Protein chains: 2
Amino acid sequence: MKRNRISIKDISKALGLSNTTISFILNGKAEEMRISAQVAERVLAYVKEVGYTPNYLARGLVTGKTNTIGFIVENIGNPFFSQIASLIEEQAYNNGYKIIYSSTNGQTEKAVELIRMFRDRGVDGYIICPTEGLEDEIKQLREENRPVVLFDRYLPKIDSHYIGINNENAMYEACRHLANKGKKHIALITTDSQQTQMLSRLEGYKKLIKERNLNEYILYIPYRERKERLLSDFEEFLKKNPMIDSVCFATNYLAVGGLEVMRHRKIKIPTKISVLAFDDNEALRLFQPAITAVEQPLEDMAKLIIDRLLVDLKLGKVTDKTFHKELSAQLILRDSTEKA
Amino acid sequence: MKRNRISIKDISKALGLSNTTISFILNGKAEEMRISAQVAERVLAYVKEVGYTPNYLARGLVTGKTNTIGFIVENIGNPFFSQIASLIEEQAYNNGYKIIYSSTNGQTEKAVELIRMFRDRGVDGYIICPTEGLEDEIKQLREENRPVVLFDRYLPKIDSHYIGINNENAMYEACRHLANKGKKHIALITTDSQQTQMLSRLEGYKKLIKERNLNEYILYIPYRERKERLLSDFEEFLKKNPMIDSVCFATNYLAVGGLEVMRHRKIKIPTKISVLAFDDNEALRLFQPAITAVEQPLEDMAKLIIDRLLVDLKLGKVTDKTFHKELSAQLILRDSTEKA
DNA sequence: CTGAAAGCGCTTACAG
DNA sequence: CTGAAAGCGCTTACAG
């Protein structure tokens, strides 16, 4: 890189002042340091004229702050993550922070690597959608006083700020809606992952089934091979359980794949089977019939995540009392569960 | 931030060596500097033992390199951008680079701000989906020898690397398909933006219409108010032009909104009107009938973008000969244009 | 009110 | 083969 950028030294030399003075003025400490308004104005005008902007690397090296937040998602190509990313980015931007993001694709090794990489680059805070097995790494971040907020799921074995939704209740309410519509054979399509949000959704389903004294129909798609297995496993599952009159998909990609199967098999929705999905998106809204969905309050989540992170960031350390917040999701009723 | 991290100085002190030696070994220059294998091994072992990792800010300050690429999209929440982001991230990662991303939301001022922000943070290269009016900023980057690759659209007034698809041809072929199916009144729904990719798609449409001696039916949705105007404008457009027998949507969000309108008005696809969309995605695949779509080769684009950027990055300067590559898109035939 | 100087954690000519 | 020293561009006690 060419060393052609203007530095503070260039300014101080040009104006016959010291670096200290320039730095104070640039950082808005002119008054505090009782620098004359004249001098401050002259400096500011010159800075503007030559288009000087500070080197963040140098500043970061001495202050230890970079105004950057590391954001670790499962996969930025997934609409749930890309939408919340968009909102978090906006919130961060409004507060003077930038986002560096990366995807784990569900791999713990990748997640560990990303956290270390972020640390080496001096990010100020971390927003993490954790993979299983990330406990030690997160604990260490907290011990080093680096602000962390988990989202979407948490790690039960360790203490940490967390923002998500009340998954158990959301799934319970969703299934209750089906039961109230007279459904007797409600199936749940989920994954075999032990992520907390998935386990809670499973609990919500089981709670309702038990409460109404219904039969359980659960299909666990292997998380690792979800692409390959979903279509065939689901098709077989439907064949084996012809009495099923309604299906809940526990997360967005399961719903998309499942609907493809149902369309292919020409299963009438909701006449033959009612359908309900966790996580809303365009594809579900546009589907015919439109699919009833549990909508997460993405905007509120994004805001809470950033707000929470900012508290610790301002404080300069990790608050010992962890913040564990579960927002309510909303069930959006559409034709896939209504016209039965 | 606590100064509790281990530095090179700590290592050199502990091992009784100089910072220089440590640095050389760490940077794989041990052989080149003819440092004894013994010493190198001892250092590496110690580094591993104490878990030292270099401070990238400091390194960046002196080398001028940060191994970071700034990635500017229109909106990361848009599936087109989030998918290519996911692929670019992967490619970058494989080459030792990290991505910092941000969205412009189509605002030039925001784009300018982002570029400056990236520069201040010392990103090594830029991948930009440019807004209109960004010419000066891009030109300046190139003059400062900062590698830039534009994608999705380019800026005709300036020279720059660019990777996209052959939009004119893709739209021409798409419309030709409709005409070959016997459609006589083909409509194009597009925006009024002057972005090159949109203009080219328009050209492709016009070319086919002219060639076949058909009537033009073009609806321009104001880019700024696309959310509010799309539904009502499109509905009115359909009413005013009842002879329309097929519709091309020039980009993904137009298709999603337009399909909502058509479903609401209970227009039979493809019996009454055939439908075709630019940019493929889940919602279109799942729609009933499945929507014929122009699919961009996202993976190839991502690879070409990174490869191109790496060339300049390795070279350490901007190559004067600019690389302007347009890939071919593929028309994915589905029921929305087939069963007429 | 303002400046000289140290230091953040690295890399890299230069010297031996 | 290895080290002393300068320097990247900032911030910030400390001193006056």
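Residue numbering restarts at 1 for every chain, and letters A, B, ... go by the order of the sequence lines. If you're wondering where the values come from, they're calculated on a predicted model, not measured in any experiment.
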How far apart are the C-alpha atoms of B:Asp124 and B:Thr68, what are their side-chain angles, what is the distance that settles it, and do they pass the side chain to side chain donor-acceptor pair (under 3.5 Å) test? CA-CA 6 Å; B:Asp124 298 336; B:Thr68 307; 5.8 Å; no

From CA spacing to verdict: side chain to side chain donor-acceptor pair (under 3.5 Å), A:Thr322, A:Ser160: CA-CA 6 Å; A:Thr322 57; A:Ser160 172; over 6 Å; no

Do A:Ser86 and B:Asn75 pass the side chain to side chain donor-acceptor pair (under 3.5 Å) test, and can you show the C-alpha distance, the side-chain angles, and the key distance before you say yes or no? CA-CA 7 Å; A:Ser86 171; B:Asn75 175 10; 3.3 Å; yes

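Rounding to whole angstrom units, CZ of residue A:Arg121 and P of C:dC8 are separated by 23 Å. A straight line from CD1 of B:Ile22 to P of D:dT2 spans 10 Å, rounded to a whole angstrom. Across the protein-nucleic acid pair, A:Arg59 atom CZ and D:dC10 atom C1' stand 8 Å apart, rounded to whole Å. When rounded to the nearest whole Å, the span between CG of A:Asn55 and P of C:dC10 equals 17 Å. Rounded to whole angstrom, the span from the CZ atom of A:Arg119 across to the P atom of C:dG9 amounts to 15 Å. If you measure from atom CZ of A:Arg42 to atom P of C:dC1, you get 15 Å, rounded to the nearest angstrom. Distance B:Leu57 CG to C:dG7 C1': 15 Å, rounded to the nearest Å.
Distance from the side chain of A:Val39 is smallest to C:dT2 among C:dC10, C:dT2, C:dC8. Considering only side-chain atoms of B:Pro54, the nucleotide from C:dG9, D:dC10, C:dC10 that sits closest is C:dC10.
The base of C:dT12 lies close enough to the side chain of B:Thr20 for a donor and an acceptor atom to sit less than 3.5 Å apart.
Within the structure, ring-ring contact (aromatic ring centres under 6.0 Å, His included) contacts touching residues 299-327 of chain A (residues at least two apart or in different chains) are A:Tyr154-A:His324, A:Tyr162-A:His324. Screening residues 11-21 of chain B for side chain to side chain donor-acceptor pair (under 3.5 Å) gives B:Ser12-B:Asn19, B:Ser18-B:Thr21 as the qualifying pairs, with residues at least two apart or on separate chains. Identified under the salt bridge (charged side-chain N to carboxylate O under 4.0 Å, His left out) test for residues 32-47 of chain A, with sequence neighbours left out: none.
Both key distances under 3.5 Å define a Watson-Crick or G-U pair, and stretches of 3 or more such consecutive pairs in DNA chain D run C:1-3 with D:14-16, C:5-12 with D:5-12, C:14-16 with D:1-3.
Between C:dT11 and D:dT2, the two C1' atoms lie 16 Å apart (nearest whole Å).
Side-chain N/O atoms of A:Thr21 include one lying less than 4.0 angstrom from OP1 or OP2 on C:dG3. The shortest distance between the side-chain N/O atoms of B:Tyr56 and the OP1/OP2 oxygens of C:dT11 is not below 4.0 Å.
Nearest heavy-atom pair across B:Ile158 and B:Lys139 is CG2-CD, 4.0 Å. Of all non-hydrogen atoms in B:Leu61 and A:Ala58, the two that sit nearest each other are CD1-CB, 3.7 Å. What you find for B:Ile72 and B:Ala111 is that their closest heavy atoms are CD1-O, 4.5 Å.
A donor and an acceptor atom, one from each side chain of B:Glu113 and A:Tyr93, are located under 3.5 Å apart.
Residues from residues 23-34 of chain A placing a heavy atom under 4.0 Å of any atom in DNA chain C, listed by number, are A:Met33, A:Arg34. Contacts between residues 8-19 of chain B and DNA chain D, defined by a heavy-atom separation below 4.0 Å, involve B:Gly16, B:Leu17, B:Ser18, listed by number.
Between B:Phe151 and B:Phe71, a ring centre-to-centre spacing shorter than 6.0 Å is recorded.
Ion pairing between B:Arg308 and B:Asp312 holds under the 4.0 Å rule for side-chain N and carboxylate O.
Nearer to the 5' terminus of DNA chain C, by closest-nucleotide assignment, is the contact made by A:Ile35 (compared with the other of B:Ala58 and A:Ile35).
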